[in-house]
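Convention: sequence-line order gives letters A, B, ...; per-chain numbering from 1.
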Amino acid sequence: MRTADLTGLPTGIPEALRDEGIEELYPPQAEAVEAGLTDGESLVAAVPTASGKTLIAELAMLSSVARGGKALYIVPLRALASEKKAEFERWEEYGIDVGVSTGNYESDGEWLSSRDIIVATSEKVDSLVRNNAAWMDQLTCVVADEVHLVDDRHRGPTLEVTLAKLRRLNPNLQVVALSATVGNAGVVADWLDAELVKSDWRPIDLKMGVHYGNAVSFADGSQREVPVGRGERQTPALVADALEGDGEGDQGSSLVFVNSRRNAESAARRMADVTERYVTGDERSDLAELAAEIRDVSDTETSEDLANAVAKGAAFHHAGLAAEHRTLVEDAFRDRLIKCICATPTLAAGVNTPSRRVVVRDWQRYDGDYGGMKPLDVLEVHQMMGRAGRPGLDPYGEAVLLAKDADARDELFERYIWADAEDVRSKLAAEPALRTHLLATVASGFAHTREGLLEFLDQTLYATQTDDPERLGQVTDRVLDYLEVNGFVEFEGETIRATPVGHTVSRLYLDPMSAAEIIDGLEWAADHRNEKLRALADETPEKPKRDRSESDDGPGGFQRASEMVAAGGEGGDGADGGDGDADEFETDRTYPTPLGLYHLVCRTPDMYQLYLKSGDRETYTELCYEREPEFLGRVPSEYEDVAFEDWLSALKTAKLLEDWVGEVDEDRITERYGVGPGDIRGKVETAEWLLGAAERLASELDLDSVYAVREAKKRVEYGVREELLDLAGVRGVGRKRARRLFEAGVESRADLREADKSRILAALRGRRKTAQNILEAAGRKDPSMDEVDEDDAPDDAVPDDAGFETAKERADQQASLGDFE
DNA sequence: TAGAAGGGTATCTAGACAGCATGTC
DNA sequence: CTAGATACCCTTCTA
């Protein structure tokens, strides 16, 4: 089918497609159009990655808009939201407005109802439904990208319920579900009352094979010799071989999938020695530049290691990287500057990074519940292999698994190459999922009775798949019971209603169990305030340094961290709320303390906690006793409670946050907790969200901890001690600059407006441009930094780098960390 | 005698969504 | 029921 023959699209679109070089539709696309895609017909397209799924979605959305409608594109990842937005924006010149809405990004702040196409994550859509977004019932077309993710234990149910809600809100809604090739696409299509287009067609051929001995055997019967010398490994040989090329197409990049971050990093280190040999002179300087940019992103070991690999043309990629790291690496790989990426599964599900060759090195991954190495799902391996083949560059893509012996080779062929992907199975009946979604369903008025709930659930994929119709009813009863006991819903005869708190919890997008934990903790704090403050006061007066803290363990190190920064104006703000009450205990400590609050939100099921590594158990058990008065709620017993372990993990996570707001350097945090820069950002982000929710709940329940919660939250947001909150709120001023300014005597936003410019310039290490931007952001009348000389600054403006680690100090700290064990 | 090579062992393990409300003299 | 790569340390061998 020719694009020129397409009907029902906004004027100009078929021509625009032709100008893009798309004259003929790919077979699956044509099939979709024949099935009524552009006439508003619902459709499930189960086709391989990179076979033109996006155009299928675009045709549906554009034709829907042409009929005066509005389309929603649901993505599984925030990174994909921006990618899709950028893609759809090429239709803007034909009058199509595109908007994005995710947790951390809302386009322009322009209200979404004016947009024709909206891109959002499934959670965001769910949240918008819960909050009654005005434009929800104007939707005429919904695209669900990667719909096979309904199978995901954690996030699948959200997508499933959201689609069910959208369909109920608008019975004529066109649903276009894009799926990887899965076993039971037909079942998904039945669920959505949609036509099914299923195909294995790919625009670029994919050759799948297994490397064993000195050759890759491909599924099509062909072989490619890739000798592996004695003592040499398979992966570098394959990467080098791809770079050698064979005259066909371009020099070949490789994507290597491994099963852990550490493996990704060490593999990248090894691959760098291979890629280095193929880097041209021009590329070398570009790579050096890129490496510098990467070092600039964050001052951590991860960043340094990545930069070192990148300088030689290789990289690693995993969730421990900062978002900027990832983008830099992905872009450079697409530009063919980076020749090889060693990645964990992040990359298989993320943005589009095609490669000439894909090597799936590890096809098993550790799984604690399983009790060992568990083989990856066929679907997952197929997703990785599907990344092979760069359009316009490669004649075909090659995806290679590695085998050590002939048996393994045969097994891999059997298990992954000849095999069909697993069936998609709904995970909705899991209690945690229903807890959240039943409350939301009641709160946003989709159902008011048990019967109504079950009727609603009957529209989900789960209902069409289960062979045990009783089960859903049982779990529903248990969940309703839980929600009632915790005061989120109440019964009045047959009718179920969400309580005011229940409504809030639903709108805040909290797991009810998280909300219950937070409420319990805050109420407990209100009840024990005086007693705990007294305990804290008894301990605080310059507790003589216990001999132990000098040399031995973690908590000792933690203490040091807080001494790093010159103590600012502690106190002064008074305790929260009701001073003046005769019964109140007099102290200048706030209660609850930040650590108490961080621990509270960290032990919530909405926070993904850090692992306890060896030695951590003792470290944090000790910390647990030391800080006992700060925890909100009963501390489980070290000996009797199985929950103790989880409590400690939460403590470790909370401690990370405390370090963060104690202005401990990023590289020390990554080192101390064994995490990457990306993990810090992640923890901080969820803590921000949960503390925001806690603040809201506290104010709604009229608890006087609101103030303490708000401050703890703001400090997490900026990563600073309290005396810097004002400064750090200025655009362009982060935790580092705020500290420098403060130490130079510029202590507030007002100071920024009035202080001597040379003083400010000196504090910012003479960076004129940034200084000027900051002054503008602070609202200074004459922000210009021209003709200001930092050397004019008074001596006290450039102190002895107080509050900063000197190289010596850092070395000492590292030494003491070595003593740990 | 430095350094390679080999062997035993302790350690550790993928990913990532969400609220709210706006700012300044 | 069901792990395996790596880093690190120690010992031994070798030029």
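Taking 4.0 angstrom as the limit, A:T686 places none of its side-chain polar atoms (N or O) nearer than this to OP1 or OP2 of B:dC17. Applying the 4.0 Å criterion to OP1 and OP2 of B:dT13, one finds that A:K613 has a side-chain N or O inside that range. For the pair A:R710 and B:dG19, the criterion of a side-chain N or O lying under 4.0 Å from OP1 or OP2 is not met. OP1 or OP2 of B:dC12 lies within a sub-4.0 Å distance of a side-chain N or O belonging to A:S614. A sub-4.0 Å separation between OP1 or OP2 of B:dG15 and a side-chain N or O of A:T344 is present.
Across all strands, A:L510 comes closer than 4.0 Å to no nucleic acid atom at all (heavy-atom distances). Across all strands shown, A:K404 has heavy atoms under 4.0 Å from sugar-phosphate atoms exclusively, and none from any base. Residue A:E688 is classed as a base contact, given a heavy-atom separation below 4.0 Å to a base. Residue-level contact check: A:G103 touches the backbone only, with heavy atoms under 4.0 Å from sugar-phosphate atoms and none from bases. Residue-level contact check: A:H154 touches neither bases nor backbone, having no heavy atom under 4.0 Å from any strand. Among the heavy atoms of the strands, none lies under 4.0 Å from A:K374. Counting any heavy atom pair closer than 4.0 Å across all strands shown, A:R681 reaches no nucleic acid atom.
Take the nearest nucleotide of DNA chain C for A:Y370 and for A:R233: the residue whose nucleotide is more 5' is A:Y370. Along DNA chain B, the nucleotide closest to A:L128 and the one closest to A:H317 are compared, and the more 5′ of them pairs with A:H317. For the pair A:T102 and A:G320, nearest-nucleotide mapping onto DNA chain B gives the more 5' position to A:G320.
With A:W660 as the aromatic partner, A:R735 meets the cation-pi criteria of under 6.0 angstrom to the ring centre and within 45 degrees of the ring axis.
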What's touching nucleotides 3-8 of chain B from the protein side, N or O pairs under 3.5 Å?
none

For nucleotides 21-25 of chain B, tabulate all protein N/O to nucleotide N/O atom pairs closer than 3.5 Å, reporting atom names and distance.
residue	atom	partner	partner atom	Å
B:dC25	OP1	A:R753	NH2	2.7

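Counting only Watson-Crick or G-U wobble pairs whose defining distances are both under 3.5 Å, the stems of 3 or more consecutive pairs in DNA chain C are B:1-13 with C:3-15.
The same atom, P, is picked in B:dA14 and in C:dT6; the two are 14 Å apart, to the nearest Å.
Of the candidates B:dC17, B:dG15, B:dG19, B:dC17 carries the atom nearest the A:R155 side chain, counting heavy atoms from C-beta on.
Applying a 4.0 Å cut-off to non-hydrogen atoms, the residues of residues 256-272 of chain A that approach DNA chain C are A:R262, A:N263, A:S266, A:R269, A:R270, listed by residue number. Listed in residue order, the members of residues 500-509 of chain A having a heavy atom less than 4.0 Å from DNA chain B are A:R507, A:L508, A:Y509.
For DNA chain C, the outermost nucleotides in 5' to 3' order that have an atom under 4.0 Å from a heavy atom of chain A are C:dT2 to C:dA7.
At most 12 non-hydrogen atoms from other residues, nucleotides or ligands lie less than 6.0 angstrom from CD of A:E301.
The side-chain heavy atoms of A:V297 and A:L328, taken from C-beta on, include a pair separated by under 4.5 Å.
For B:dA16, there is no paired nucleotide, since no Watson-Crick or G-U wobble pair has both relevant distances below 3.5 Å.
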